Amino acid sequence: MLTSAARVTKPDPADLLAWYDRHRRDLPWRAGAGEAADPYRVWLSEIMLQQTTVTAVRPFYEAFLKRFPSVAALAEAPADSVMQAWAGLGYYSRARNLHACAKAVVERHGGRFPETEDELLKLPGIGAYTAAAVAAIAFGRRAAAVDGNVERVVSRLFSVEEPLPKARPLIRTLTLDLVPDGRPGDFAQALMDLGATICTPKRPACALCPWMVPCKARAEGLQEAYPKKLRREAGQLRRGAAFVVLRADDSILLRTRPAQGLLGGMAETPTSPWEPGYEPARAVLDAPIEARWQRLPGTVRHVFTHFPLELTVLFAKVPRDTPAPDDMRWTPRRALSGEALPGVMKKVIAHALGGAAPLGKGEKDGTRKGRPGRGPQAS
DNA sequence: GAAACGTGGCG
DNA sequence: TCGCCAAGTTT
């Protein structure tokens with residue numbers, strides 16, 4: 001006995017799948033409609049896509065796959081080359097874990113990825129989301145792959161009042177309840193495509209949504225109010241100095257950061273400590289070698305997830321026979337592209353040597369108080 | 001459970 | 001310019 005007013009429409013997975021069949025995005029790691037997915041490619045793309053946009057991932061994925069075509073090839077590769085292929089993508093622990101995971105798959109699973117969420121979860125770099133995504137997409141298992149898109153879609157669908165991240169368990173339960181027995185992999189990708197193209201953070205295109213009718217938030221006109229979340233306060237600005245040393249043979253001084261922590265295992269020019277109270281005027285005291293230091297005009301700014309950074313760049317030229325201090329090395333300028341340099345260090349080097357450095361991104365947004373983009377003058 | 005962990009794009 | 005956001009995991 002349903003009264004017309006009390007009639008509630010539940011979201012039907014079939015409606016979403018039908019929408020997906022017409023509007024699915026064509027992505028390089030995606031198998032064609034009806035084709036079997038390659039677990040290695042699914043896994044690689046899922047790791048790259050963690051907290052990273054499709055646009056940013058695409059070129060890295062193509063290059064990475066060409067360089068490491070299989071999990072066995074990746075497992076055998078030197079760590080250096082893996083880090084270098086990842087340089088610029090961010091969250092570098094992903095690259096270390098990716099390499100460790102490839103080795104584990106070869107050593108513990110004979111080169112084949114395990115097919116269940118539980119087993120996948122035991123591998124390095126694979127958490128709740130990725131385990132579910134790989135199980136569903138690569139192996140057709142029924143699993144709830146809840147990423148940021150799905151959190152948004154589902155919280156709107158059911159107008160979840162609890163703010164993130166507390167709402168996660170509830171959202172996961174609601175999502176798993178929606179997953180159909182057939183095509184669980186397509187369903188997972190459909191949910192994410194919906195979140196990425198229709199159910200967007202701002203101004204969602206509800207009129208085009210296959211779930212417009214059952215959506216609770218939409219019914220109230222409050223779709224943009226979900227998901228509720230607590231905002232975190234921004235980190236405090238840290239300052240520091242970076243030292244670019246150009247030797248007469250056209251090589252520059254680099255070192256490798258400790259494996260753990262910020263930019264772990266990546267290459268950098270020597271720097272001072274980075275701290276809120278750092279005084280740039282004393283930077284020369286932190287210099288790695290004795291030289292005629294030239295403090296370059298402007299600064300390099302960079303924003304990490306948890307704090308902004310402002311780097312003063314000091315530049316020096318040194319004679320051809322200058323040895324590298326302990327734990328540092330000289331890299332020919334032409335070989336810089338083979339180093340695992342994170343974005344902030346590319347900015348530093350471009351600031352000192354000019355945007356013409358073989359580094360892709362120029363000074364762009366990283367540089368302030370503009371000096372025209374020429375190289376440093378002779379001192 | 002909170003904090004650490006990169007980078008680029010967009011409004 | 002600035003805050004938000006992007007297919008999260010680890011400690």
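Just so it is clear, the model here is predicted, and its values are computed rather than measured. For the numbers below, each heavy atom of this structure counts, side chains included, while hydrogens, waters and symmetry mates do not.
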Visitor: Rounded to whole Å, how long is the line connecting atom CH2 of A:Trp274 with atom C1' of B:dA4?
Guide: 14 Å
Visitor: Just checking, is any N or O donor in the side chain of A:Thr256 or A:Arg329 under 3.5 Å from an acceptor N or O on the other one?
Guide: yes
Visitor: Holding to side chain to side chain contact (heavy atoms under 4.5 Å, CB included), I want the full list of residues that pass it with A:Ala18, two or more places apart in sequence or in another chain.
Guide: none
Visitor: Nearest to the side chain of A:Arg94, heavy atoms from C-beta on, is which of B:dG6, C:dG8, C:dC5?
Guide: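 For the A:Arg94 side chain, the nearest candidate turns out to be B:dG6.
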Visitor: For B:dG6, does OP1 or OP2 lie under 4.0 Å from any side-chain N or O of A:His302?
Guide: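 Result: no.
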Visitor: For the salt bridge (Lys or Arg N to Asp or Glu O under 4.0 Å) test, which of A:Lys346, A:Lys347, A:Arg255 pairs with A:Glu268?
Guide: A:Arg255
Visitor: What is the distance, rounded to the nearest whole Å, between atom CZ of A:Arg96 and atom P of C:dT9?
Guide: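 About 16 Å, once rounded to whole Å.
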Visitor: Can you check the A:Met192 CE to C:dA6 C1' distance for me, whole Å?
Guide: 13 Å
Visitor: What's the closest nucleotide to the side chain of A:His306 if the choices are B:dA4, C:dT10, C:dA6?
Guide: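 So the nucleotide nearest the side chain must be B:dA4.
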Visitor: Below 4.0 angstrom from OP1 or OP2 of C:dA6, is there any side-chain N or O of A:Tyr91?
Guide: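 No, outside the criterion.
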Visitor: Any N or O donor-acceptor pair under 3.5 Å from the base of B:dG6 to the side chain of A:Thr52?
Guide: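 A donor-acceptor contact between them is present.
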Visitor: Which part of the nucleic acid, if any, lies within contact of A:Arg25, taking any heavy atom under 4.0 Å across all strands shown: a base, the sugar-phosphate backbone alone, or nothing?
Guide: base
Visitor: Which part of the nucleic acid, if any, lies within contact of A:Ala234, taking any heavy atom under 4.0 Å across all strands shown: a base, the sugar-phosphate backbone alone, or nothing?
Guide: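 The residue A:Ala234 makes no contact with any strand.
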Visitor: Return the value, rounded to whole Å, for the distance between atom CG of A:Leu262 and atom P of C:dT10.
Guide: 18 Å
Visitor: Quick one: A:Asn97 CG to B:dC5 P, roughly how many Å, whole number?
Guide: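 Rounding to the nearest Å, CG of A:Asn97 and P of B:dC5 are 14 Å apart.
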Visitor: Which residues, ordered by chain and number, are linked to A:Leu230 in its hydrophobic cluster, where ILVMFWY side chains connect at heavy-atom gaps below 4.5 Å, directly or through other members?
Guide: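 None; A:Leu230 is a cluster of one.
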Visitor: Rounded to whole Å, how long is the line connecting atom CD of A:Gln50 with atom P of B:dC5?
Guide: 17 Å
Visitor: Looking only at atom P, what distance separates C:dT9 and B:dG8, rounded to whole Å?
Guide: 22 Å
Visitor: Could you state the atom-to-atom distance from CH2 of A:Trp86 to C1' of B:dG6 in whole Å?
Guide: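 Roughly 12 Å, once rounded to whole Å.
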Visitor: Between A:Gln51 (CD) and B:dC5 (P), how many Å, whole number?
Guide: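 Those two atoms, CD and P, are 15 Å apart.
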Visitor: Is a donor-acceptor pair below 3.5 Å formed from side chain A:Thr53 to base B:dG8, judging by atom type as modelled?
Guide: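 Result: no qualifying N/O pair found.
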Visitor: Which of the following nucleotides, C:dT10, C:dG8, B:dT7, is nearest to the side chain of A:Val344?
Guide: B:dT7
Visitor: With no hydrogens and no angle check, do the side chains of A:Tyr129 and A:Glu46 hold a donor and an acceptor under 3.5 Å apart?
Guide: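 Checked: A:Tyr129/A:Glu46 side chains pair up, N/O donor to acceptor below 3.5 Å.
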Visitor: Can you tell me which nucleotide in C:dA6, B:dT7, C:dT9 comes closest to the side chain of A:Pro201?
Guide: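 When the side chain of A:Pro201 is considered, C:dA6 is the closest of C:dA6, B:dT7, C:dT9.
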Visitor: Can you see if the side chain of A:Thr130 gets near the phosphate of C:dT9 - specifically, an N or O under 4.0 Å from OP1 or OP2?
Guide: yes
